[in-house]
2 protein chains.
Amino acid sequence: MEKVKILVVDDEARMRKLVKDFLIKKDYEVIEAADGQEAVDVFFEQNDISLVILDVMMPKMDGWEVLKEIRAYSRIPVIMLTAKGDERDELKGFDSGADEYISKPFSPKILVARVDALLRRSNLISEEEKIETGGIIMDKAAHTVTIEGKQIELSFKEFELLAYFMENQGIALSREKILNHVWNYDYFGDARTIDTHVKKLRSKMGDKGDYIKTIWGMGYKFEVN
Amino acid sequence: MEKVKILVVDDEARMRKLVKDFLIKKDYEVIEAADGQEAVDVFFEQNDISLVILDVMMPKMDGWEVLKEIRAYSRIPVIMLTAKGDERDELKGFDSGADEYISKPFSPKILVARVDALLRRSNLISEEEKIETGGIIMDKAAHTVTIEGKQIELSFKEFELLAYFMENQGIALSREKILNHVWNYDYFGDARTIDTHVKKLRSKMGDKGDYIKTIWGMGYKFEVN
DNA sequence: GAGTGATTTCATAATTTTGTCACATATTGC
DNA sequence: GCAATATGTGACAAAATTATGAAATCACTC
């Protein structure tokens, strides 16, 4: 399959590299531009860019101008990287046409998460629709889980949780990690709530519930056998 | 099969390229014209153009004039690209003879969706006309639905909704997805309206109403059994 | 315009899920 | 073995989502 192209615009090479490395790890294709003018040129040359990450502060042509140029022709998702000081609230009132704002400094992980979310929202990345392992079949499209031929009923969160486990087979997942992925990044509830969901999952999964192993002092791990 | 030809008229080369690339991806043949005069010339030269995408604002001869010229001889679908400011409502009252209006900036996806829809409407691209499943027969051409031999009466929206469900059997459909497909891409009403239509559909479908399953926290799914 | 049916919105009820708590149980390090 | 800490579990309250009926709005016809 064709890789999804992302245009990263920042005048600092370091920053571009940082972002690029993280995006490449997630199998995106990254195109760089070092200033606003170059960004606009590249954007219209390459006609198949799916998302733009745009630094606000740049020489020659700043991020807002670039955004304006792009928005004159296209609605593709744009993430703006704003400087530390810029209050998000100020930005909120003013509809610039950007889809997301991330203020520097940021965690590349969060950036990648937002990229994924935006692309998913615009249906540009489709994900694997079926995961099968150890007699458990998860069909994401149909939103169903079948264990040894029998379909089991899972709630939304249970489904998401099991999906996360199955996508990370054999990997120990800390509670924090689970919270960040299955719940929102901005969920600040009790981590123990995971325990409750794990309990329910295990009971609904019958024998196969044992596949969800407890890693004492750490979290959980999904493993067949 | 012959490709369907689409004429794209815009004075900005960038915009033409953007639109062209998206249409080519969907296997249309694209012919370009850079101004109104050229558009009219090309249109009458090439006699087998199936759809025209026409920018309103152009030097020499604007979109409205081109449209008038075309309409004097032909009924083929025309999509007008209007500038940001132009209020859609203003346009509505005034029957210009265009089939669709899309205001800039737009998402190329929406454009393509409209193109598909218009061509489908004018039978230039065809689709399956009958869907049959679990004792429900939907005849799209005749716009009828028969359940166990008895025809049931559905309103337009109900019909469209059921069609969408039946075309996506076994797939969980989010409310957002349903809105985008059954309503227009630019419908911004309440997603709860889907619930009401589902309720009516279910009741009109009798026993078979159970085929429309609720997926809690997500949307609906049509599934036989 | 009034009348009709389709569509949408709204308020409320019904339902389901989710999160929290308290207590039981298990694990670890000493 | 014993504290100290972490996890498992059941019950319940809180929160979120969906179903439903009715009213409001819209679109179209006569």
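Because only heavy atoms are used, hydrogens play no part in the values below, and waters and symmetry mates are left out as well, while side chains stay in. Just so we're on the same page: letters track the sequence lines, and every chain starts at 1.
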Nearest-Å distance for atom pair NE2/P, residues B:His197 and C:dA6: 11 Å
Separation of atom CD in B:Glu160 from atom C1' in C:dT8, rounded to whole Å: 17 Å
Nucleotide D:dT17, atom P - distance to NE2 of A:His143 in whole Å: 13 Å
Rounded interatomic separation in angstrom, taking NZ from A:Lys213 and P from D:dG8: 14 Å
Test salt bridge (charged side-chain N to carboxylate O under 4.0 Å, His left out) applied to B:Glu167 and B:Lys140, step by step: CA-CA 11 Å; B:Glu167 283 164 359; B:Lys140 285 188 132 192; 2.5 Å; yes
N/O donor-acceptor pairs under 3.5 Å from side chains in residues 216-223 of chain A, not counting sequence neighbours:
unit_1	atom_1	unit_2	atom_2	d
A:Tyr220	OH	A:Arg175	NH2	3.3
A:Lys221	NZ	A:Glu223	OE1	3.3

Heavy-atom check, side chain of B:Tyr73 versus side chain of B:Phe44, under 4.5 Å: yes
Nucleotide C:dT17, atom P - distance to CD1 of B:Ile215 in whole Å: 12 Å
Phosphate OP1/OP2 of D:dT17: any B:Thr214 side-chain N/O under 4.0 Å: no
Letter per nucleotide, 5' to 3', of nucleotides 20-30 of chain C [B base touched, S only sugar-phosphate touched, - untouched; heavy atoms, 4.0 Å]: B------BS--
By side chain to side chain contact (heavy atoms under 4.5 Å, CB included) - contacts of A:Lys157 (at least two apart): A:Ser155, A:Val182, A:Trp183, A:His197
pair A:Ile6-A:Val52: side-chain heavy atoms closer than 4.5 Å: no
N-O pairing of B:Glu153 and B:Lys204 below 4.0 Å: no
Separation of C:dT17 C1' from A:Trp183 CH2 (nearest whole Å): 12 Å
Donor-acceptor pair, side chain of B:Asp62 and main chain of B:Glu65, under 3.5 angstrom: yes
Side-chain touch B:Leu51/B:Leu7, heavy atoms, less than 4.5 angstrom: no
Contacts of B:Glu148 that satisfy side chain to side chain contact (heavy atoms under 4.5 Å, CB included) - sequence neighbours left out: B:Lys208
Length of the CG-P vector between A:Leu201 and D:dT9, whole Å: 12 Å
Residue-phosphate contact under 4.0 Å: A:Lys200 side-chain N/O, D:dT9 OP1/OP2: no
N/O (side chain, B:Arg202) to phosphate O (OP1/OP2, D:dT20) under 4.0 Å: no
Ion pair B:Arg16/B:Asp10, N-O distance below 4.0 Å: no
N/O to N/O distances under 3.5 Å, protein versus nucleotides 25-27 of chain D:
none

Touch class at under 4.0 angstrom, heavy-atom based, for A:Ile194 against every strand present: nothing
Within 45° cone of A:Tyr28 ring axis and under 6.0 Å: A:Lys26 NZ or CZ: no
Whole angstrom value for the distance that separates P of C:dT17 from CZ of A:Phe159: 14 Å
Heavy-atom check, side chain of A:Val8 versus side chain of A:Leu54, under 4.5 Å: no
Touch class at under 4.0 angstrom, heavy-atom based, for B:Tyr220 against every strand present: sugar-phosphate
Estimated bend of the helix from C:dG1-D:dC30 to C:dC30-D:dG1 (axis per five terminal pairs, rounded to 10 degrees): 40°
